[in-house]
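As a basis for the values below, the full set of heavy atoms in this structure was taken, side chains included, without hydrogen atoms, waters or symmetry mates. Just so you know, ligand 1 is whichever comes first in the structure, and atom 1 is the first atom listed for that ligand. It should be emphasised that the depicted structure is a prediction, and the values quoted were computed from it without experimental measurement.
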Amino acid sequence: MAGYGTTARLLHWIVALLVIAMLPVGSMMVQEGLDRVTQDRLFIFHKNVGVVILLLMLVRLGWRFLNPPPALPDAVPAGTARVAALAHWALYGLVLFMAVTGYVRVTMGGFPIEGLEALGLHPLLPRNDAVAEMAKTAHFYGRFALVGVILLHVGAALFHLIVKRDGVFQRMWPPVVRR
Ligand code: HEM
Ligand code: HEM
């Protein structure tokens, strides 16, 4: 069965791993009672990896428009295919939403993004505490929607792998294909 190409697969798995790491790191770093050094490290990881995710997602969207995914097998009912497509767009949208609200919260709140600073790249947005606060709230709640869609998506992928065994999982796995 036709699958995704190696570029799409590599981008999928790199972003998937990074996003799955960002969720617990984000929640841990804001816990009370964490020692300062650990907290700083987690914040630096979260902010900088978040920007990497944002850039990878933009590359990924561009790649997808140039290389549309192969059609699903006929055995997958049209309704299921529509739900899958919707979930995929929700994942693109929610990951971008989290990355953008995180970036706005940090830069408009007047905090540094160390990796960008090291490259000599200045914040794209001016300081504005009210907007930073709104972005913080959006970032806080957006996570629940993202976790929900990821659970649905991973559940569906594993259902195809273990129960249906119809090759849909192998459209994305392994991360590198030899043709
Ligand atoms: C896919 C990308 C991202 C995900 C999944 C994510 C996830 C999270 C989560 C789950 C939290 C914990 C929220 C809480 O419990 O209060 C959080 C907090 C935070 N995130 Fe992100 N994040 C992402 C991207 C970013 C980016 C790009 C930045 C900044 C450049 C960022 C900056 C922050 C900050 C500063 C907090 C602490 C919020 C506060 O001020 O209390 N995040 N993030
Ligand atoms: C370990 C967990 C994961 C597994 C097993 C998995 C599995 C898969 C599989 C098998 C596909 C191909 C579906 C098809 O053929 O139509 C796929 C597509 C996709 N996955 Fe995942 N995935 C995982 C995590 C994630 C995460 C965390 C995200 C979000 C950051 C994500 C975003 C996507 C998107 C957007 C697509 C559609 C790609 C496109 O058509 O452009 N996945 N995934």
Just to be sure I read this right, does ligand 1 sit under 4.0 Å from the backbone of I113, its side chain, both, or neither, counting only heavy atoms?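 Only the side chain of I113 comes within reach of ligand 1.
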
Structural part of F111 in contact with ligand 1, heavy atom criterion under 4.0 angstrom: neither

Atoms of protein origin (N, O or S) under 2.8 Å from atom 21 (Fe) of ligand 2: H12 NE2, H153 NE2

What atoms of ligand 2 come within less than 4.0 Å of a heavy atom belonging to [X]?
| X | value |
| --- | --- |
| Y92 | 35 (C), 38 (C), 39 (C), 41 (O) |
| R64 | 39 (C), 40 (O), 41 (O) |
| F169 | 5 (C), 10 (C) |

Closest by any non-hydrogen atom to atom 8 (C) of ligand 1: pick that one out of Q31, R143, H46, E133.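 Checking each option, the heavy atom nearest atom 8 (C) of ligand 1 is found in H46.
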
Mind telling me whether H153 and H12 have parallel, tilted or perpendicular rings, with 30° and 60° as the class edges? tilted

Over-ring placement of R143 relative to F140, 6.0 Å and 45° cut-offs: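 Yes - R143 lies over the ring of F140, closer than 6.0 Å to its centre and within 45° of its axis.
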
In terms of residue, atom name and distance, what is the protein heavy atom nearest to [atom]?
| atom | answer |
| --- | --- |
| atom 19 (C) of ligand 1 | M29 CE, 3.3 Å |
| atom 26 (C) of ligand 1 | G102 CA, 3.7 Å |
| atom 4 (C) of ligand 2 | W13 CH2, 3.5 Å |

